[in-house]
Amino acid sequence: MTTYPGIDELKAQARRLRQAMNDRGTALTHSAALEMIAHQHGVRDWNTLAALAARPNAAAKTPLFVGAQIRGRYLNQPFTGEILSLSALPGGLHRITIHFDEAVDVVTFESFSAFRRRVTAQIDADGVSPRKTSNDLPHLVLEL
């Protein structure tokens, strides 16, 4: 799992970067320096880095590994399944592929169904997908 410096240290890095750039004749705003620091840490923007840095750098409650049995909710539907693949991504995220024990209906419309047996998604250290549905629920939430 990736660990991040505290918010104060990240802001100090941005101040040092800004000062160094200004000393070399390149004007840099503080917000631009914060964004550059975020990119150096492999995340998309400062807000994401600040959120990751504010969280405790603790390991997941349940270790995730290929072959592990897992349970949770996919598109707000409960499931149990097996982890088929797991890989680390920049920014403390992981890509996970899960084979569901029973197919999950991914459509909430009463007169139509669409069942899935396998899904690939990104999750954070808490087992929650950063991507959300139109009603603001995470696509995938693992019970860790």
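Source: prediction; values computed, not measured.
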Could you pull out all residues at least two apart from [X] that satisfy side-chain hydrogen bond (donor to acceptor under 3.5 Å, both in side chains)?
{"X": "Arg73", "answer": "Asn76"}
{"X": "Asn47", "answer": "none"}
{"X": "Ser111", "answer": "none"}
{"X": "Asn22", "answer": "none"}

Residue pair [X] / [Y], side-chain heavy-atom distance below 4.5 Å:
{"X": "Val106", "Y": "Gln77", "result": "no"}
{"X": "His41", "Y": "Leu10", "result": "yes"}
{"X": "Ile96", "Y": "Leu140", "result": "yes"}

Quick one: closest heavy-atom pair of [X] and [Y], and the distance?
{"X": "Val104", "Y": "Pro78", "value": "CG2-O, 4.3 Å"}
{"X": "Pro5", "Y": "Gln13", "value": "CG-NE2, 4.0 Å"}
{"X": "Arg44", "Y": "Glu35", "value": "O-OE1, 4.3 Å"}
{"X": "Asp101", "Y": "Arg117", "value": "O-NH2, 3.1 Å"}
{"X": "Leu17", "Y": "Met36", "value": "CD2-CB, 3.8 Å"}
{"X": "Pro138", "Y": "Ser129", "value": "CB-O, 3.6 Å"}

Straight-line distance of [X] [atom1] to [Y] [atom2], nearest 0.5 Å:
{"X": "Glu143", "Y": "Ile70", "atom1": "CD", "atom2": "CD1", "result": "8.5 Å"}
{"X": "Ile98", "Y": "Ile123", "atom1": "CD1", "atom2": "CD1", "result": "7.0 Å"}
{"X": "Gln122", "Y": "His94", "atom1": "CD", "atom2": "NE2", "result": "11.0 Å"}
{"X": "His30", "Y": "Lys11", "atom1": "NE2", "atom2": "NZ", "result": "6.5 Å"}
{"X": "His39", "Y": "Leu34", "atom1": "NE2", "atom2": "CG", "result": "11.0 Å"}
{"X": "Gln69", "Y": "Thr80", "atom1": "CD", "atom2": "OG1", "result": "7.5 Å"}

N/O donor to acceptor pairs below 3.5 angstrom from side-chain atoms of residues 83-92, sequence neighbours left out:
unit_1, atom_1, unit_2, atom_2, d
Ser85, OG, Thr97, OG1, 3.0

Check your understanding: Of all residues at least two apart in sequence or in a different chain, which pass the side chain to side chain contact (heavy atoms under 4.5 Å, CB included) check with Ala38?
Key ->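 Only Val43, Leu49 meet the side chain to side chain contact (heavy atoms under 4.5 Å, CB included) criterion with Ala38.
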Review point. Partners of Phe112 by side chain to side chain contact (heavy atoms under 4.5 Å, CB included), sequence neighbours excluded?
Key: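 Side chain to side chain contact (heavy atoms under 4.5 Å, CB included) check on Phe112 returns Val107, Phe109, Ala114.
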Practice item. List, by chain and then residue number, the residues other than Val128 in its hydrophobic cluster (Ile/Leu/Val/Met/Phe/Trp/Tyr, side-chain heavy atoms under 4.5 Å); write none if there are no others. Key: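 Hydrophobic cluster check, Val128: joined to Val141.
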**Study point:** Side-chain hydrophobic cluster, 4.5 Å single linkage: members besides Phe115
**Key:**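 None, because no other hydrophobic side chain comes under 4.5 Å of this residue.
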Point to revise | Selection residues 13-27 - residue pairs positive for salt bridge (Lys or Arg N to Asp or Glu O under 4.0 Å), sequence neighbours left out | key: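 Residue pairs with at least one partner in residues 13-27: Glu9-Arg16.
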Point to revise | Sequence-distant partners of Phe100, ring pair (Phe, Tyr, Trp, His ring centres under 6.0 Å), two or more places apart | key: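 Tyr74, Phe79.
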